[in-house]
Amino acid sequence: MTHFDSDYNNGAHPLVLQHLVDTNSGHSTSYGYDEWSEHARKMIRKLIGCPEAGIEFLVGGTQTNATVIDSMLYPGDGVIAVDTGHIAVHEAGAVEFTGHKVITLTDHDGKMSALELKEYMQRFKADETSEHMVQPGLVYITFPTELGTLYSAHEIESIYDVCNEFDLHLYIDGARLGYGLMSADCDFNMAWLAHHCHAFYIGGTKVGALCGEAVVFPQGNEPRNFFTSIKRHGAMLAKGRLIGAQFEALFTDNLYLRISKHAIDMAQQLRAIFIEAGYRMYNDSPTNQQFVVLPNKILDQLHEHIKYEFWEPLDHEQMLCRFVTSWATTQEDLDALKTALSTIAKA
């Protein structure tokens with residue numbers, strides 16, 4: 001069976017796994033104060049050009065989002081996201097569970113409009129009854145978006161400017177950050193991103209690690225008692241070295257970006273295979289997530305050979321489906337897809 005259903009259905013990249021083996025016998029302090037975690041922090045600070053950045057390693061994406069958002073907001077504050085945003089749809093209300101309402105704006109191909117954000121805040125500030133409402137305190141966006149699209153540098157800078165104008169934090173979910181940065185359509189790097197938000201995280205779980213995310217507060221603006229917050233949210237490992245050592249491996253010899261580039265190359269080939277076979281792409285995603293419109297009549301037949309995700313029905317005859325490449329996708333996987341589509345066409 002060939003898998004294109006997600007980018008975290010594999011183990012770890014071999015070099016990451018080997019580094020865990022190589023560091024396994026060494027003794028260390030716990031909770032992320034080990035030598036490997038400290039070295040990984042130094043490597044990330046150097047890469048982004050932020051020597052004062054606060055960096056912490058958390059277990060997974062949902063825990064990271066809930067912990068960071070809860071820590072950056074006052075009790076009862078809300079977070080603004082688009083209606084397709086991960087925290088608004090696929091995190092089981094984890095942010096609301098911490099007491100913070102998710103305030104949604106309409107997405108545009110997965111993205112937030114800086115103009116609409118500003119108009120929302122202007123209406124909110126002009127409302128004489130706003131003190132009775134949930135107070136917006138943070139803006140949440142993902143890079144790439146849930147639909148595999150990318151914000152341009154101008155779009156992120158515009159959102160960041162609105163956030164600063166209205167005293168809002170800008171937090172960027174980077175679960176698939178590497179796959180966004182290595183897209184040919186991306187016009188900035190990680191250092192630029194670090195200087196245009198108040199916090200972001202570097203996804204490891206979906207980009208070559210067994211587990212783990214690196215939260216970055218670029219301006220040294222880590223929330224008060226953030227360590228305690230991580231533990232309170234159940235997002236901390238006693239053996240913090242498990243995550244730190246993986247990020248040390250990922251940021252050695254540019255591995256994180258190299259394996260991300262591989263996934264993008266595979267995704268563009270996958271896209272070409274579908275187009276050549278006569279299928280319609282839902283959008284122009286330049287990342288490792290590709291959305292394909294498939295007729296219902298072939299879904300089960302294709303699923304016998306290729307694992308992919310049914311995203312949502314478009315009508316009674318068509319289904320929007322997601323195919324995802326990763327650092328682990330091979331040319332053999334793409335050949336299997338091409339063969340499966342060819343077999344269906346001949347049936």
Co-members of the apolar cluster containing Ile87 [side chain, <4.5 Å]: Tyr31, Tyr33, Leu58, Val68, Ile69, Met72, Leu73, Val79, Val95, Val102, Leu138, Tyr140, Tyr171, Tyr201, Val215, Phe217, Phe226, Phe227, Ile230, Met236
task: Give me the ring orientation class for His303 and Tyr308: parallel if the planes are under 30° apart, tilted from 30 to 60°, perpendicular past 60°.
output: perpendicular
task: Could you label the plane-to-plane angle of the Trp311 and His90 rings as parallel, tilted or perpendicular, counting under 30° as parallel and over 60° as perpendicular?
output: perpendicular
Cluster link [X] to [Y], ILVMFWY, side chain under 4.5 Å:
X      : Y      : value
Ile141 : Met121 : yes
Val89  : Val139 : no
Leu168 : Leu115 : no
Leu270 : Met182 : no
Val293 : Phe4   : no

query: Do the charged groups of Lys307 and Asp333 touch, with an N to O distance under 4.0 Å?
result: no
- request: State plainly whether the residues Arg41 and Glu56 are in salt-bridge range, i.e. N to O under 4.0 Å.
  value: yes
message: Just so I know, are the side chains of Tyr8 and Ser326 near enough to count as touching, which here means a heavy-atom distance under 4.5 Å?
response: no
For [X] and [Y], which heavy atoms make the closest approach, and how far apart are they?
X      : Y      : result
Val59  : Thr205 : O-OG1, 4.0 Å
Glu96  : Lys101 : CG-CA, 4.4 Å
His195 : Tyr160 : O-CE2, 3.8 Å
Ile243 : Gly212 : CG2-CA, 3.8 Å

Polar side-chain atom of Ser130 near backbone of Asp127 as donor-acceptor pair, under 3.5 Å: yes
Counting neighbours of [atom1] on [X] that are heavy atoms of other residues, nucleotides or ligands and sit closer than 6.0 Å, is the number greater than 12?
X      : atom1 : result
His154 : NE2   : no
Glu317 : CD    : no
Asp315 : CG    : yes
Glu165 : CD    : yes
Phe166 : CZ    : yes

Partner set under ring-ring contact (aromatic ring centres under 6.0 Å, His included) for His19, not counting sequence neighbours: none
query: Between Thr287 and Arg176, does a side chain to side chain contact (heavy atoms under 4.5 Å, CB included) hold up when you go through it step by step?
result: CA-CA 9 Å; Thr287 66; Arg176 294 185 169 95; over 6 Å; no
query: Who pairs with Ala153 by side chain to side chain contact (heavy atoms under 4.5 Å, CB included), at least two apart in sequence or on another chain?
result: Asp187, Phe188, Trp192
Stepwise side chain to side chain contact (heavy atoms under 4.5 Å, CB included) test for Trp327 and Tyr179: CA-CA 9 Å; Trp327 59 271; Tyr179 301 133; 3.7 Å; yes
- request: Kindly indicate, with the supporting measurements, whether the criterion ring-ring contact (aromatic ring centres under 6.0 Å, His included) is fulfilled by Phe274 and Phe323.
  value: CA-CA 11 Å; Phe274 275 109; Phe323 292 76; 4.7 Å; yes
task: Under the side chain to side chain donor-acceptor pair (under 3.5 Å) rule, what do Gln219 and His198 come out as? Steps first, then yes or no, please.
output: CA-CA 7 Å; Gln219 303 160 17; His198 301 98; 4.8 Å; no
- prompt: Out of Asn65, Thr142, Thr145, which residue meets the side chain to side chain donor-acceptor pair (under 3.5 Å) rule with Asp173?
  reply: Asn65
- request: Sort out for me which residue in Asp265, Asp7, Thr325 forms a side chain to side chain donor-acceptor pair (under 3.5 Å) with Asn288.
  value: Asp7
- request: I would like to know whether Gln63 and Glu213 meet side chain to side chain donor-acceptor pair (under 3.5 Å); could you show each step before the answer?
  value: CA-CA 10 Å; Gln63 293 165 312; Glu213 328 297 335; over 6 Å; no
